[in-house]
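Take a look at the structure below.
Quick note on labels: first sequence line is chain A, next is B, and so on, each numbered from 1. Keep in mind that the numbers below use all heavy atoms, side chains included, and drop hydrogens, waters and symmetry copies.
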Number of protein chains: 2
Amino acid sequence: MNDRKKHVMEIAHTLFVEKGFMETSVQEILEKSGISKGTFYNYFPSKKELLINIFEKIQAETERRRIEVLAGKKKSDKNAFIKQIQVKMEVGMENKLFALFNSVLLSEDEELKKIVQRYHLDELKWLQQRIVDIFGQHVQPYSLDLAVLFYGMLHNALHFSTNADVKIEIDKIITYMLNRIDNMVPSVIASKEQLFDIQLLTRLNSKTLSKRRQKIEKLFHKIDILLSNANGKQKELLLFLKEELQSPVPRKAVIQAVLKELGQKKDLEILVFDVIEE
Amino acid sequence: MNDRKKHVMEIAHTLFVEKGFMETSVQEILEKSGISKGTFYNYFPSKKELLINIFEKIQAETERRRIEVLAGKKKSDKNAFIKQIQVKMEVGMENKLFALFNSVLLSEDEELKKIVQRYHLDELKWLQQRIVDIFGQHVQPYSLDLAVLFYGMLHNALHFSTNADVKIEIDKIITYMLNRIDNMVPSVIASKEQLFDIQLLTRLNSKTLSKRRQKIEKLFHKIDILLSNANGKQKELLLFLKEELQSPVPRKAVIQAVLKELGQKKDLEILVFDVIEE
DNA sequence: ATAGTATTTATAACAATAGTATAAAAAAAT
DNA sequence: ATTTTTTTATACTATTGTTATAAATACTAT
């Protein structure tokens with residue numbers, strides 16, 4: 001990605017963390033990052049889309065660190081599990097993710113809401129799987145319940161501890177919660193109490209907005225921008241692209257040819273291939 | 001309270017629930033409730049203050065219903081406890097309280113944030129006390145922990161069930177959570193694990209913004225409005241009021257005399273007495 | 001009923017917001 | 001060296017919350 005764009009994202013990110021999303025004006029981002037309004041709206045279709053980009057960056061970063069932690073360790077290693085959660089929590093705190101997410105959930109913006117929901121869902125799925133890793137296959141039927149409980153307890157405890165201005169080491173809290181889950185497992189299995197069916201997770205997964213959909217939207221926005229500055233020939237090519245990309249079976253070779261004819265448009269190329277190479 | 005004002009609050013409330021706080025413009029509230037801008041800003045210092053008023057109304061309502069439920073029952077009655085929580089949850093769902101609260105927590109507005117924090121704190125305190133009522137005095141050292149856990153599990157389960165579009169009866173969820181707490185109690189006591197000190201609650205209590213402070217702000221706003229339309233004599237009286245109310249020991253009789261001299265200003269009188277009768 | 005007071009209305013205005021439009025300048029690619 | 005792409009500067013739109021103000025309406029005490 002463009003270095004400049006990256007820089008803008010970093011500036012915006014720190015501003016969002018400092019003052020919140022709504023409270024940060026585009027104007028301020030422009031001034032602090034020294035770009036013009038035109039450039040901003042060239043980079044991002046909207047302020048909202050900028051926030052989404054930032055979310056994605058954070059998410060990728062967390063995922064990377066989390067995989068790193070598990071490297072060479074057994075799946076059933078409790079300490080590795082604790083460390084993994086710690087990573088996530090720390091990233092979340094640093095970036096004030098809770099606040100940002102909440103601010104988004106309020107915004108009643110369907111697109112943003114879906115993204116945050118998906119984020120939570122992914123987290124829950126991951127937790128559920130890891131709980132099975134740790135506690136063994138026999139907790140599987142109750143693993144979604146346990147994941148929901150764990151997630152809720154952990155977040156609320158963290159929330160309270162920051163609100164109450166108490167500083168407890170995160171890993172202590174995580175360990176405590178893991179012990180609680182430990183307490184519950186036998187009784188849940190014995191009483192066969194179940195709240196949520198695990199199949200829910202897979203069902204929900206297909207429901208929520210796919211990343212692919214987002215990518216397509218981004219691509220089309222890019223094309224629109226190019227269209228506004230295009231001459232006759234380019235216009236024809238771009239309009240064809242738009243059409244072809246919407247077809248159920250886009251002809252890759254043709255698209256490639258059109259892209260070549262359009263000249264050096266690296267950004268566009270990346271986006272297009274990201275969408276059609278599936 | 002003024003019937004008209006009440007009506008505006010109801011309209012605004014449904015709008016906030018339907019579309020969210022930020023997404024509802026003052027303009028729309030004016031149109032739907034058929035009042036003019038001037039009147040609106042006579043009733044409420046700001047859109048934010050209107051939201052606070054609504055919060056307070058909901059809170060009072062919940063409290064009322066909750067006390068009603070316990071009437072004639074023993075404190076240790078588990079079913080009564082479940083019912084009480086259910087009341088709260090139902091009110092919360094009806095009014096989309098979570099969403100509203102979250103939207104507020106994001107807004108980075110210090111005043112609003114304090115109010116929501118206080119709300120959570122009160123809830124936690126209540127829960128902690130009730131947990132002692134139910135499980136007995138010997139859980140007291142761990143009752144704050146248990147309250148935090150219970151609150152977190154319950155809310156996350158509800159959150160998930162609405163997100164996942166699963167309909168489980170609320171009382172079933174509450175019962176399930178209570179069983180989980182049941183599981184934890186012996187092990188927590190045995191291992192003596194403690195996360196938060198109960199004394200935290202009392203310490204926090206004094207920290208958060210008092211209702212009194214809010215009332216005073218409202219009163220002063222009212223006086224300011226009156227001042228803007230006041231003639232010479234009234235101005236003198238009002239300015240005196242303002243001064244006298246800020247003194248550590250306001251002279252009630254004098255204030256009363258001044259109020260009488262000011263003529264029929266029922267709203268003002270109520271506010272004043274609410275503040276000085278302490 | 002009348003005079004005086006309080007509230008409400010209409011209306012205009014203000015400053016700040018997100019986002020659009022456009023022509024000229026600068027930078028990059030050919 | 002020329003064309004293409006990106007960036008800038010600037011003006012503009014529409015909407016937001018909030019303030020100001022003069023006229024109209026409703027209320028209260030006499």
Side-chain angles (χ1 to χ4, degrees), chain A residues 1-5 7-8 12 15 19-31 33-51 107 109 221-235 237-238 260-269, chain B residues 2-5 7-8 12 15 19-31 33-51 107 109 112 221-235 237-238 260-269:
Chain A
M1 193 193 310
N2 194 336
D3 265 4
R4 201 110 175 279
K5 191 171 168 185
H7 177 237
V8 175
L15 281 174
K19 335 178 30 182
F21 176 65
M22 300 286 194
E23 282 64 27
T24 306
S25 67
V26 172
Q27 196 54 44
E28 202 174 346
I29 299 172
L30 302 183
E31 281 158 16
S33 57
I35 62 165
S36 74
K37 201 169 250 190
T39 307
F40 180 90
Y41 282 100
N42 241 359
Y43 287 161
F44 315 100
S46 67
K47 191 183 161 192
K48 192 179 80 184
E49 200 73 21
L50 163 59
L51 178 63
S107 81
D109 180 298
H221 170 250
K222 182 78 190 170
I223 293 178
D224 284 340
I225 285 183
L226 291 174
L227 265 172
S228 65
N229 286 12
N231 58 36
K233 189 176 129 195
Q234 292 173 318
K235 215 167 241 174
L237 292 167
L238 286 167
K260 198 175 170 192
E261 189 60 26
L262 265 171
Q264 22 71 273
K265 285 289 342 107
K266 250 179 293 173
D267 280 16
L268 181 63
E269 260 180 64
Chain B
N2 194 337
D3 265 3
R4 202 110 175 278
K5 192 172 169 184
H7 178 237
V8 176
L15 281 173
K19 333 181 27 183
F21 176 64
M22 299 288 193
E23 282 64 26
T24 306
S25 66
V26 172
Q27 194 54 44
E28 202 175 345
I29 299 173
L30 301 184
E31 281 158 17
S33 58
I35 62 163
S36 76
K37 205 165 252 191
T39 308
F40 180 90
Y41 281 100
N42 239 1
Y43 287 161
F44 316 100
S46 67
K47 191 183 160 192
K48 194 178 80 186
E49 200 73 21
L50 163 58
L51 178 63
S107 82
D109 180 298
L112 279 177
H221 169 250
K222 183 79 191 170
I223 292 179
D224 284 338
I225 285 183
L226 291 175
L227 264 172
S228 65
N229 286 13
N231 59 35
K233 188 177 132 196
Q234 292 173 318
K235 214 167 242 174
L237 292 167
L238 286 167
K260 197 175 172 191
E261 189 60 25
L262 265 171
Q264 22 73 272
K265 285 286 346 102
K266 250 180 291 173
D267 281 17
L268 182 62
E269 260 179 63

[atom1] of [X] versus [atom2] of [N]: gap in Å, rounded?
| X | N | atom1 | atom2 | result |
| --- | --- | --- | --- | --- |
| Ile35(A) | dG19(C) | CD1 | P | 13 Å |
| His7(B) | dT8(C) | NE2 | P | 14 Å |
| Leu237(B) | dT5(C) | CG | C1' | 15 Å |
| Asp3(A) | dT7(D) | CG | C1' | 16 Å |
| Leu30(B) | dT11(C) | CG | C1' | 13 Å |

For Lys47(B) against Thr24(B), the heavy-atom pair lying closest together: NZ-O, 2.7 Å

By side chain to side chain contact (heavy atoms under 4.5 Å, CB included) - contacts of Glu31(A) (at least two apart): Gln27(A)

What residues, two or more places apart in sequence or in another chain, satisfy side-chain hydrogen bond (donor to acceptor under 3.5 Å, both in side chains) together with [X]?
| X | value |
| --- | --- |
| Glu28(B) | Lys19(B), Lys32(B) |
| Thr39(A) | Ser36(A) |
| Tyr41(B) | none |

Contact under 4.0 Å: Arg4(A) side-chain N or O vs dT6(D) OP1/OP2: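 For dT6(D), OP1/OP2 do not have a side-chain N/O of Arg4(A) under 4.0 Å.
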
Sugar-phosphate only, base, or nothing, as touched by Tyr43(B) at under 4.0 Å among non-hydrogen atoms: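 Here Tyr43(B) touches the backbone only, sparing every base.
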
Heavy-atom side-chain proximity of Val26(A) to Leu50(A) below 4.5 angstrom: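 SC-SC contact between Val26(A) and Leu50(A) ruled out.
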
Base-pair map of DNA chain D as dot-bracket, where | denotes pairing with a different strand and pairs are Watson-Crick or G-U under 3.5 Å: .|||||||||||||||||||||||||||||

By ring pair (Phe, Tyr, Trp, His ring centres under 6.0 Å) - contacts of Phe40(B) (at least two apart): Phe44(B)

Base-contact (B) and sugar-phosphate-only (S) positions in nucleotides 10-20 of chain D, heavy-atom cut-off under 4.0 Å, - elsewhere: ------SSBB-

